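Presented below is the structure to which this report refers.
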Number of protein chains: 2
Amino acid sequence: MTKNLRLKAARAKLDMSQHELADAVDVTRQTISAIERGDYNPSIKLCIRICKVLNVTLNDLFWEEN
Amino acid sequence: MTKNLRLKAARAKLDMSQHELADAVDVTRQTISAIERGDYNPSIKLCIRICKVLNVTLNDLFWEEN
DNA sequence: TTGAAATGTATGATATAGTTTACATAAAGT
DNA sequence: ACTTTATGTAAACTATATCATACATTTCAA
């Protein structure tokens, strides 16, 4: 799997730590960390919660062209 | 959970059965059926595979404004 | 008017997402 | 020096997505 740097960047843009984002979407810090590292494959509902907290859309963080 | 009628519609637009879509994204028909009925919460990777087969994006099928 | 195709749904098994706890490192502040 | 904050990562556990199989209903073509 491949790292999700767009997620990391969107979080950085709001100056949120992994821990803060995790709390905001109600998962553990390890889950956010694993998603950013590309270590797994979150559910669509979790992706949507993350996007809403970060004020972006699914396409912004998770859509891959080509 | 709530039905995913946009998925059903996108599939209909291409005249694909649940079974055909399932084969194309390499899951069982039951999985597609359950997603359309809102009976569960697919992984982002499966969502992406579905979108690509149906020629739409994540936002088209899975993003919820509000 | 039978038969196949499309769909809904249920159940037990398996793979994996997500939790909990824990340890380690680096940076920054006191 | 010590403490706190942010992050990476690992192991054992729990919850749930997904599979495999199965049965039922509706629709529509032969």
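Being a predicted model, the structure only gives us computed values, none of them experimental. A, B, ... follow the sequence lines: proteins, then strands. Residue 1 opens every chain.
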Q: Give one of base, sugar-phosphate or nothing for A/Asp26, where a contact means two heavy atoms less than 4.0 Å apart.
A: sugar-phosphate
Using whole Å, what does the distance between atom [atom2] of nucleotide [N] and atom [atom1] of [X] come to?
{"X": "B/Leu46", "N": "C/dA15", "atom1": "CG", "atom2": "C1'", "value": "14 Å"}
{"X": "A/Arg49", "N": "C/dA17", "atom1": "CZ", "atom2": "C1'", "value": "12 Å"}
{"X": "A/Ile48", "N": "C/dA17", "atom1": "CD1", "atom2": "C1'", "value": "16 Å"}
{"X": "A/Asp23", "N": "D/dA6", "atom1": "CG", "atom2": "C1'", "value": "13 Å"}
{"X": "B/Gln30", "N": "C/dA6", "atom1": "CD", "atom2": "C1'", "value": "12 Å"}
{"X": "A/Tyr40", "N": "D/dG8", "atom1": "OH", "atom2": "P", "value": "13 Å"}
{"X": "A/His19", "N": "C/dT21", "atom1": "NE2", "atom2": "P", "value": "14 Å"}
{"X": "B/Ile32", "N": "D/dT18", "atom1": "CD1", "atom2": "C1'", "value": "11 Å"}

Please state whether the phosphate of [N], meaning OP1 or OP2, lies under 4.0 angstrom from any side-chain nitrogen or oxygen of [X].
{"X": "B/Arg37", "N": "C/dG8", "result": "no"}
{"X": "A/Arg11", "N": "D/dT7", "result": "yes"}
{"X": "B/Lys8", "N": "C/dG8", "result": "yes"}
{"X": "A/Thr28", "N": "C/dG18", "result": "no"}
{"X": "B/Thr31", "N": "D/dC19", "result": "yes"}
{"X": "B/Ser43", "N": "D/dT18", "result": "yes"}
{"X": "B/Gln18", "N": "C/dA5", "result": "no"}

Q) Nearest to the side chain of B/Val27, which nucleotide is it out of D/dC19, D/dT7, C/dA17? A) D/dC19
Q.
Starting the side chain at C-beta, find the nucleotide from D/dT9, D/dA22, C/dT7 nearest to A/Ser33.
A. D/dT9
Produce the list of close N/O pairs, under 3.5 Å, pairing protein atoms with atoms of nucleotides 24-29 of chain D; give distances to one decimal.
none

Q) Considering the options A/Asp60, A/Asn59, A/Thr57, which one meets the side-chain contact (heavy atoms from CB on, under 4.5 Å) requirement together with B/Trp63? A) A/Thr57
Q. Do the side chains of B/Phe62 and B/Leu14 join up, straight or via other hydrophobic residues, at under 4.5 Å, putting them in one cluster?
A. yes
Treating [X] as the side-chain partner and [Y] as the backbone partner, does any N or O pair qualify as donor plus acceptor under 3.5 Å?
{"X": "B/Glu36", "Y": "B/Ser33", "value": "no"}
{"X": "B/Arg29", "Y": "B/Gln18", "value": "no"}
{"X": "B/Asn41", "Y": "A/Lys45", "value": "yes"}

**Q.** Partner set under side chain to side chain donor-acceptor pair (under 3.5 Å) for B/Arg49, not counting sequence neighbours
**A.** none
Q: Not counting sequence neighbours, which residues clear side-chain contact (heavy atoms from CB on, under 4.5 Å) with A/Asp23? List them please.
A: A/His19
Q. Does the side chain of B/Ile50 come within less than 4.5 Å of B/Ile32's, by heavy atoms?
A. yes
